[in-house]
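To start, the structure under review is shown below, and the notes come after it.
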Amino acid sequence: MKLELKGLTKRFKDVTALDNVDLCLEKPGIYGLLGRNGAGKTTMLNIITARISASEGTVTLDGEPVFDSDSKLGCMHLMSEVNYLDTDLRFKEAVAYAKQSYGDKFDSDSAMRYAHAFKLEGSKKLGKLSTGYKSIYKCCLALAMDTEFVFFDEPVLGLDANHRDLFYRLLLDSYQRKEKVVVISTHLIEEAASMLEHFIIIASGRILMNLDSEQMSSYATAVSGPRDAVEALATRHSVISRVSLGGLETAYIKGIVETDDPKLSVCAVDPQRLFIELTRNEEERV
Amino acid sequence: MMIAAPLSRNIKTGLKTAGVYYSIIIAVFFILPFFGRLLPFFSFNSNGGFEACTMVFMFIMGLVSVKSNLKTGIALSRGRTTIVLASALSLVAMSLVTSVADALLNPLAHLIHNQIDAMGLVFELYGVESFWVYLAWRFLLYTFLSCGGFFLASLNYRMNKPLRWAFWIAVPSLLFIVLPIVAVADQGEFAYWLGMAFYNCFAKSVGNCCISFTVLSIAAIALSYLILRKAPIDRE
């Protein structure tokens with residue numbers, strides 16, 4: 001199935017949250033949707049899953065509009081930060097509802113298994129849970145989805161380190177159960193990076209880059225050393241950003257860079273560092 | 001359209017709420033009066049039926065359906081058309097359930113409280129004593145009230161704060177300031193026309209009233225659909 005976003009724009013009064021976004025999701029895999037606060041990640045996910053409408057542009061699944069189509073919307077699920085389910089809904093009731101709504105595209109046994117792994121009681125009402133367990137409640141439902149597209153918006157919000165680790169392992173389990181397009185919007189890039197196969201970086205409502213993990217790892221090189229030596233090398237390349245400390249400097253340079261200069265150290269840039277350097281404001285360059 | 005899941009979910013929720021409501025009704029109308037008879041110092045008198053209570057209950061059910069059904073429906077990947085239709089059908093189903101429950105409870109209440117008429121309001125208004133007419137009229141009345149509540153809540157959901165204020169000021173102003181002024185200005189002509197329209201629609205005969213309730217219920221749901229078909233569902 002091919003999910004296509006064409007010219008997607010969303011304006012909230014005088015703020016443009018999404019600006020002419022084009023994106024195509026087709027190949028099964030785990031995608032990371034990365035962006036700073038207010039970059040437009042949640043807005044994009046909300047438009048894809050018809051929670052809000054776009055000001056301009058279209059969202060289509062296999063060429064047909066998604067908005068208000070039960071069959072198309074039934075191919076996707078969004079686990080969002082906001083609680084949409086009734087707060088007095090017990091987890092086992094939510095599982096029954098999800099099964100009723102998604103049919104074969106929801107695995108009730110897996111949902112209960114995931115809940116058990118997180119020590120989430122089936123009789124607990126959503127509204128009575130702590131912030132972390134509210135996320136777990138929604139995560140367990142989303143992880144049990146076998147829909148073609150599953151979107152997670154800040155899935156590990158409020159989760160402790162152990163629960164976050166468990167979530168990532170269960171996500172892989174869910175993906176192995178059925179291959180699908182999984183999109184995770186998260187700020188915890190370092191934690192999620194190892195499992196991400198594609199990186200979509202969004203900034204100021206625009207897609208800044210859309211790369212697979214291989215392209216991502218060769219996208220930039222960090223060159224560190226005495227300022228003069230770094231500057232000499234940097235002049236011959238396209239520099240993303242520079243960070244100085246005393247007489248030392250690190251330049252983040254596009255592409256793979258090699259040098260024989262013994263004063264310089266060269267290493268690949270990890271996704272989190274690259275994200276930071278790509279999306280850093282002028283005011284933050286101190 | 002995949003309506004079965006949201007419809008059964010809405011009806012299940014509605015039945016739960018109705019269960020709580022009827023527990024209270026039975027306690028108030030059937031159990032407390034016995035205490036009144038057994039214990040002279042504990043007196044309980046009721047001089048009204050519970051139709052009015054169910055009318056309020058159904059109106060509130062319509063009011064509270066909008067937000068909850070929209071959020072749950074969209075969270076479980078349903079389109080707005082399906083959500084609105086499932087809401088409307090579940091309100092109709094709940095109206096049927098409550099009208100049947102009231103039709104069965106009313107004669108029982110009559111045995112305890114002489115003040116309550118076995119045939120309820122429909123006899124008082126139209127003098128009709130047919131059980132089936134009584135059931136149909138009550139069912140359509142409850143459907144109309146719940147759909148009306150749904151429409152008002154839809155309107156409220158879509159309006160922003162200034163518009164909401166304007167609306168809730170404009171409605172009473174129209175009823176209590178504009179209409180009396182118009183009535184004085186045109187020497188009651190408009191008021192008479194309005195009264196006659198109301199009489200013809202609701203009071204002339206039980207048939208007219210049933211048709212009016214049906215038409216207004218359909219109109220309320222159709223308008224709600226138009227209001228909600230692009231409504232954002234991103235609020236907690």
Side-chain angles (χ1 to χ4, degrees), chain A residues 10 12-13 17 42-43 45-55 61 65-89 93-103 105-106 126-127 134 137-138 141-142 145 147-151 153, chain B residues 1-20 61 63-90 153 157-158 160-163 222 224-236:
Chain A
K10 180 68 185 177
F12 296 102
K13 289 181 183 164
T42 302
T43 303
L45 296 178
N46 279 340
I47 292 175
I48 292 173
T49 51
R51 294 180 182 199
I52 56 174
S53 55
S55 306
L61 192 57
V66 167
F67 201 85
D68 212 23
S69 164
D70 290 347
S71 59
K72 302 293 173 200
L73 286 170
C75 295
M76 49 180 85
H77 177 81
L78 167 62
M79 180 247 145
S80 57
E81 267 180 90
V82 181
N83 293 324
Y84 287 99
L85 295 172
D86 283 341
T87 47
D88 59 353
L89 200 63
E93 290 171 330
V95 168
Y97 280 170
K99 184 71 190 168
Q100 210 177 19
S101 298
Y102 293 95
K105 291 183 179 177
F106 181 78
L126 177 61
K134 276 181 185 151
Y137 181 112
K138 292 178 283 178
L141 290 177
M145 291 288 165
T147 49
E148 286 77 358
F149 298 86
V150 181
F151 304 97
D153 189 10
Chain B
M1 193 174 284
M2 295 144 90
I3 200 168
L7 181 60
S8 75
R9 189 172 56 240
N10 294 350
I11 291 175
K12 204 176 161 187
T13 313
L15 286 174
K16 257 188 204 173
T17 318
V20 174
M61 185 176 267
L63 278 180
V64 299
S65 296
V66 175
K67 223 173 174 180
S68 134
N69 290 357
L70 269 177
K71 280 164 61 185
T72 312
I74 214 82
L76 297 171
S77 303
R78 287 295 178 273
R80 285 159 181 74
T81 308
T82 306
I83 295 169
V84 172
L85 199 61
S87 302
L89 290 176
S90 61
Y157 181 78
R158 280 296 262 159
N160 56 23
K161 227 175 194 175
L163 210 60
S224 303
Y225 171 67
L226 292 176
I227 292 167
L228 297 174
R229 69 188 170 140
K230 285 202 170 172
I233 307 163
D234 60 342
R235 287 169 279 200
E236 191 142 5

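Atom set for the values below is all heavy atoms of this structure, side chains included, hydrogens, waters and symmetry mates excluded. Lettering of chains follows the sequences in order, A, B, ..., and the numbering in each one begins at 1.
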Exercise for review: For the residue pair A:Tyr102 and B:Ser77, confirm or rule out a side-chain donor-acceptor distance under 3.5 Å.
Suggested key: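 Short answer, yes.
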[atom1]-[atom2] distance between [X] and [Y], expressed to the nearest 0.5 angstrom:
X: A:Tyr84; Y: B:Ser68; atom1: OH; atom2: OG; answer: 14.0 Å
X: A:Glu93; Y: B:Thr13; atom1: CD; atom2: OG1; answer: 9.0 Å
X: B:Ile74; Y: A:Ser80; atom1: CD1; atom2: OG; answer: 11.0 Å
X: A:Lys99; Y: B:Leu76; atom1: NZ; atom2: CG; answer: 13.5 Å

Exercise for review: Using the test salt bridge (charged side-chain N to carboxylate O under 4.0 Å, His left out), find all partners of B:Lys12 that sit at least two apart in sequence or belong to another chain.
Suggested key: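 Per chain and number, B:Lys12 pairs via salt bridge (charged side-chain N to carboxylate O under 4.0 Å, His left out) with no residue.
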Practice item. Apply salt bridge (charged side-chain N to carboxylate O under 4.0 Å, His left out) to A:Lys134 and list each qualifying residue two or more places apart in sequence or on a separate chain. Key: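 For A:Lys134 there are no salt bridge (charged side-chain N to carboxylate O under 4.0 Å, His left out) partners, ignoring immediate neighbours.
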Check your understanding: Side chain of B:Arg80, backbone of A:Ala50: donor and acceptor closer than 3.5 Å?
Key ->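 Yes; at least one donor-acceptor contact below 3.5 Å.
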Check your understanding: Most heavy-atom pairs under 4.5 angstrom with chain B, which of A:Lys138, A:Met76, A:Gln100?
Key ->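 That would be A:Gln100.
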Point to revise | B:Thr72/A:Asp86 under side-chain contact (heavy atoms from CB on, under 4.5 Å): CA gap, chis, key distance, verdict | key: CA-CA 7 Å; B:Thr72 312; A:Asp86 283 341; 3.9 Å; yes
**Study point:** Identified side-chain contact (heavy atoms from CB on, under 4.5 Å) partner of B:Thr82 from the options A:Asp70, A:Asp68, A:Leu73
**Key:**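 So, applying the side-chain contact (heavy atoms from CB on, under 4.5 Å) to B:Thr82 and each of A:Asp70, A:Asp68, A:Leu73, only A:Asp70 qualifies.
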Check your understanding: What heavy-atom pair brings A:Ser101 and B:Arg78 nearest, and what distance separates the two atoms?
Key ->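 It is O-NH2, 2.7 Å.
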Check your understanding: Does any heavy atom of chain B fall under 4.5 Å from the side chain of A:Phe106, the backbone, both, or neither of them?
Key ->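 Contact with chain B involves no heavy atom of A:Phe106 at all.
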